[in-house]
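Notes for the one structure printed next.
FYI, side chains are in, hydrogens and waters are out, and symmetry mates aren't considered; it's all heavy atoms of this structure. Whatever order the structure lists them in is the order used to number ligands and atoms, beginning at 1.
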Amino acid sequence: MSDEGRSSGDEVTTLKIYNTMTRKKEVFKPLTPGVVRIYTCGMTVYDYPHLGHARTYSNWDIVVRYLRYKGYDVIHVQNFTDVGHLTSDSDWGEDKIVKRAREKKVHPMELVDHYIKEYFAAMDALKIQRANIMPRATGHIAEMIELIKKLEQKGYTYETKSGVYFDVSKFPTYGKMSRMKIDEQQQSRVEHDPEKRHAADFALWIKAGPEHIMRWPSPWGWGYPGWHIECSAMSMKYLGETLDIHGGGTDHIALHHPNERAQSEAATGKQFVRYWMHSAFMTINKEKMSKSTGRFITAREAIERYGPNVVRFFLITAHYRTVVDFSEDIIIQARENYFKLMNTMESVRLYLQTQTIPQSDPTPSEYARTLQKNFEAAMNDDFNTPKALSVLYEYSNYLNKQLVLPPTKNQIHLKADYELFLKLANVLAIDPQPFDDVRKILEILVDLRAKARKEKNYELADKIRDQLKTMKVRIEDKPWGTIFIREHC
Ligand code: AMP
Ligand code: ZN
């Protein structure tokens with residue numbers, strides 16, 4: 001059920017989203033009841049995704065999962081920037097992808113393909129669901145040219161020797177999102193063409209000679225699009241002229257999103273975005289993780305070191321608007337909490353598999369439904385994942401308390417309570433351990449150990465236990481059987 005069907009003014013059941021534009025939490029109301037159109041800025045694919053990227057995309061995934069849980073039909077579009085993102089380390093900006101491709105002596109498209117594959121490998125492992133549509137900028141040059149032409153016709157642009165620029169002085173509310181005056185605002189150092197009218201004007205089209213391998217013909221000569229116009233063209237093509245939610249990192253509040261907004265609204269005359277959401281950085285030693293400075297830990301390294309589920313769990317432990325400083329300690333701490341939840345999941349699963357509960361009732365208990373409401377209240381409060389997690393811990397304790405032998409009528413709701421728990425946990429991308437071939441083999445080993453113990457062959461039982469430990473499998477004997485938790489999965 002969407003919010004539309006719920007009583008208005010009900011603080012707990014109404015989703016509120018912090019809108020960067022107003023700096024306030026606002027009641028969420030999509031343009032079309034029941035449907036949410038969301039666009040999130042994708043990666044510039046010239047390097048491996050790092051944990052900061054994983055964090056941002058994990059945050060958007062949680063937003064989408066929760067909106068779907070609430071019954072909305074969500075259409076999520078997330079692009080790949082495969083051209084037009086200028087470097088900031090040369091006097092005149094140079095396309096980051098073209099530059100890296102030249103260094104690596106490969107075609108830019110080959111470079112991009114490689115890193116898109118890397119992006120999916122990491123994000124799929126982290127259970128970050130793919131957006132419905134994932135357009136590449138290079139596939140939408142025609143749409144960008146059309147958009148620039150429209151802005152030109154409306155008098156928002158001017159041409160110089162280096163490109164076509166958006167004249168910010170023609171868009172009076174330009175500084176509304178960044179809360180900066182136009183005079184205080186400058187595009188990155190790289191866009192300092194002396195013919196520019198104002199430091200805050202930004203490139204829509206960048207002219208380029210034949211040495212620039214990624215270029216296209218346009219009414220303003222050969223060149224390539226500016227980074228900002230890409231997101232406007234791709235989001236409006238697939239989602240229409242007004243988006244419900246637009247997400248990106250907090251680094252986009254100062255320039256990228258004001259630029260997207262200015263050119264989109266100038267072109268259409270309509271509100272571009274209803275709710276602007278910004279995800280806080282992952283830092284390392286208190287400084288932003290960043291590809292360009294080389295100060296980062298790749299998502300792949302983290303997955304190899306801690307296991308994908310632990311990394312993903314770690315990513316949801318902080319609220320999306322709180323900066324997280326990466327350290328081994330906090331991920332290890334998150335890991336222990338994750339294992340506690342896994343312990344409950346395995347324990348209840350095995351209990352239900354081995355025990356017969358008299359008169360099982362398919363509806364969750366009243367207490368479980370209260371916990372569900374608390375979970376929703378946390379998520380309705382601008383997607384407060386740490387609070388929602390604390391409800392899951394409480395729920396986990398409640399389930400564990402019901403695991404007593406022999407089962408009685410007191411546990412009639414256990415199965416339904418457990419199913420509801422799994423549903424809520426899934427909103428936070430926490431799922432039971434995979435049911436795969438490794439699991440089958442581990443089950444055989446655990447059974448063999450139980451048999452050895454029964455036969456008082458402690459030597460063999462201990463050997464199996466030690467072997468499992470070296471394989472990073474924790475086992476725990478419960479009165480209804482032995483459960484195991486894979487530390488690395
Ligand atoms: P980029 O590839 O740099 O264009 O970044 C793609 C997305 O990841 C953008 O929404 C950025 O804001 C976000 N991002 C980049 N670095 C970090 C970081 N250290 N922490 C969180 N998000 C980041
Ligand atoms: Zn963007």
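- Residue-level proximity to ligand 1 for Arg55 is absent, since no heavy atom of it falls below 4.0 angstrom.
- Proximity of Ala280 to ligand 1, defined as any heavy-atom pair under 4.0 Å, is confined to the backbone N, CA, C and O atoms.
- At a 4.0 Å heavy-atom cut-off, ligand 1 touches Tyr57 through the side chain alone.
- Side chain of Lys196 to main chain of Asp201: a donor-acceptor pair is present (N/O by atom type, distance under 3.5 Å, no hydrogens or angles).
- Ring-centre distance between Phe80 and Phe120: below the 6.0 Å cut-off.
- The single protein non-hydrogen atom nearest to atom 12 (O) of ligand 1 is Asp251 OD1, 2.6 Å, given as residue, atom name and distance.
- Nearest heavy atom pair, residue Glu260 against residue Ser232, reads O-OG, 3.2 Å.
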Handout entry: From CA spacing to verdict: salt bridge (Lys or Arg N to Asp or Glu O under 4.0 Å), Asp193, Lys161
Key = CA-CA 9 Å; Asp193 177 348; Lys161 275 205 254 346; over 6 Å; no
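- Atom 13 (C) of ligand 1 has its nearest heavy-atom neighbour, among Thr56, Asp47, Asn59, in Thr56.
- In this structure, of Met289, His252, His257, the residue bringing a heavy atom nearest to atom 9 (C) of ligand 1 is His252.
- Heavy-atom contacts from other residues, nucleotides or ligands closer than 6.0 Å to NZ of Lys387 number 12 or fewer.
- Sorted by chain and number, the protein atoms of type N, O or S within less than 2.8 Å of the Zn ion (ligand 2) are Cys41 SG, Cys231 SG, His256 NE2, Glu260 OE2.
- At least one donor-acceptor pair closer than 3.5 Å links the side chain of Asp244 to the backbone N or O of Arg37.
- Heavy atoms only, all atoms of each residue included: His278 and Met177 are closest at CE1-SD, 4.0 Å.
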